[in-house]
There are 2 protein chains.
Amino acid sequence: MKYHHYMARLTTLLDKVLHLATLVASDLARFERESGLTTSRTHLLWILGEAGPSTQQSLAAALDVSARNVTGLLDGLVGSGHVSREPHPTDRRATLVTPTAKGEAVIRSLIDSHDELARRLFGHLPDEQLDGFAVTLDETIATFVRLMEETS
Amino acid sequence: MKYHHYMARLTTLLDKVLHLATLVASDLARFERESGLTTSRTHLLWILGEAGPSTQQSLAAALDVSARNVTGLLDGLVGSGHVSREPHPTDRRATLVTPTAKGEAVIRSLIDSHDELARRLFGHLPDEQLDGFAVTLDETIATFVRLMEETS
DNA sequence: GGTAGTAGTGATGCTACTTCACCATGAAGT
DNA sequence: ACTTCATGGTGAAGTAGCATCACTACTACC
């Protein structure tokens, strides 16, 4: 006995978005298996790639987790040789988390595989369709953000 | 210093999809806070709502986790009164996991809030735009599935 | 009725997360 | 200078979600 025999059109649309997202996540999982990294550590490296050398506090903020958790993730990444904890040049309390050569290589290959996936998924679609897709995504995201601000 | 100063158009598109997915996930998190459930247990209830009373094996397959893990999740859900373990009518080895009245109420409200989110996100868009969005999503998902079959 | 496969669980261990307490440093006021 | 308060990081302890492995109970088949 199913609880939703009839699925509304809009709901189906939302499910498609979610489906695509889980597929993308599974591609990321493949990357993680190959590189021997976990999801959280990969995410941290990704953030580090975007922001450059960072304090643990700023990483915690970007990842939206506790600072204590970042300590643990970094312990792992330092152990595997992907990042190092450098002294902060001006604030002696802080450490500047910096990718090692190995870490930078992983970050680059992460970006590369991300880009390649995007190319494979969308590369063959006509420009017009791509534009329309982008517009709808932007509008939907904007709608969502407005919604959350209202509820908060 | 950023590692990807220049972000390709297609990659940006993929990022938008991911962004939207994380927003939807945050909405789900709100539901979980309100109902006092965890993500995994909510997911299990969702599957149960889709499939109806199920064996633990089939739940494990649907969730793509080990059967052992399902046992643990169910221990929690039985404890909180959302589901019960009924004897399987024909196979005495198996249990038939069945939502209680409380569990069914949660499942319904889960579906309701999912539907409402879809309505709020997409409800105001013109049909034509919606159709185009659905087509692109379908094509992209199909492309992805084809890609994974090739790589496997 | 033995043998092989399947459903569920106990034991054990890992990762990711949390909060709380604590220490060291920084920054601001008097 | 000296107190006060805020901030950056970590130790300790606990929870949830996952895994594998070994084991029991049952089913199915020949």
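Lettering of chains follows the sequences in order, A, B, ..., and the numbering in each one begins at 1. Predicted model only: the values in this text are computed from it and were never measured.
- Atom CG in A/Leu74 sits roughly 14 Å away from atom C1' in C/dA16 (whole-Å rounding).
- Following rounding to the nearest Å, B/Asp75 (CG) and C/dA7 (C1') show an atom-to-atom distance of 15 Å.
- Here the side chain of A/Asn69 is nearest to one of C/dC17, C/dT9, D/dG8, namely C/dC17.
- Taking 4.0 angstrom as the limit, B/Thr95 places none of its side-chain polar atoms (N or O) nearer than this to OP1 or OP2 of C/dA7.
- Summarising the geometry, the separation between CG on A/Asp64 and C1' on C/dT18 is reported as 13 Å, rounded to the nearest angstrom.
- Taking the side chain of B/Val65 as heavy atoms from C-beta on, and the options D/dT27, D/dA19, D/dG9, the nearest nucleotide is D/dA19.
- Proximity note for A/Arg93 (side chain, C-beta onward) versus D/dG9, D/dG8, C/dT9: the nearest is D/dG8.
- Minimum heavy-atom separation, B/Leu18 to A/Val24: CD1-CG1, 3.7 Å.
- When distances run from any side-chain atom of A/Ala94 to the nucleotides C/dA16, D/dG8, C/dG8, the shortest one goes to D/dG8.
- To the nearest angstrom, P of D/dC18 lies 13 Å from CG of B/Leu59.
- Residue B/Arg92 has no polar side-chain atom (N or O) positioned under 4.0 Å from OP1 or OP2 of D/dA28.
- Ranking D/dG8, C/dC17, D/dT10 by closeness to the A/Ala67 side chain, first place goes to D/dT10.
- The CD atom of A/Gln57 sits 9 Å away from the P atom of D/dT7 (whole-angstrom rounding).
- Considering only side-chain atoms of A/Ser66, the nucleotide from C/dT19, D/dC18, D/dA16 that sits closest is C/dT19.
- Residues A/Thr95 and A/Gln56 have side chains that bring a donor and an acceptor to within less than 3.5 angstrom of each other.
- For B/Thr71 and C/dG8, the shortest distance from a side-chain N or O to OP1 or OP2 is not below 4.0 Å.
- The CD atom of B/Glu86 sits 13 Å away from the P atom of C/dG8 (whole-angstrom rounding).
- Of the charged side-chain nitrogens involved, none lies within less than 4.0 Å of a carboxylate oxygen, so that B/Arg108 and B/Asp115 do not count as a salt-bridged pair.
- Ion pair A/Arg9/B/Asp131 flagged as a salt bridge, since at least one NZ, NE, NH1 or NH2 atom sits closer than 4.0 Å to an Asp/Glu carboxylate oxygen.
- One atom, CZ of A/Arg33, and another, C1' of D/dA19, lie 15 Å apart when rounded to the nearest Å.
- Taking atom CG on B/Leu44 and atom C1' on D/dG17, their separation rounds to 12 Å, with Å as the unit.
- Closest contact between the side chain of B/Arg85 and the listed nucleotides C/dT18, C/dT9, D/dG9 involves C/dT9.
- At a cut-off of 3.5 Å, with distance as the only test, a side-chain donor of B/His114 or A/Asp15 sits close to an acceptor on the other residue.
- Taking only distance into account, the side chain of A/Arg68 never meets the base of D/dG9 through a donor-acceptor pair shorter than 3.5 Å.
- Among the protein residues, B/Ser40 comes within range of the sugar-phosphate backbone only, with heavy atoms under 4.0 Å from sugar or phosphate atoms but none that close to a base.
- Under 4.0 Å is where a charged nitrogen must lie from a carboxylate oxygen, and between B/Glu116 and B/Arg120 at least one such pair does.
- At C/dT9, one or more side-chain N or O atoms of B/Gln56 fall inside 4.0 Å of OP1 or OP2 (strictly under the cut-off).
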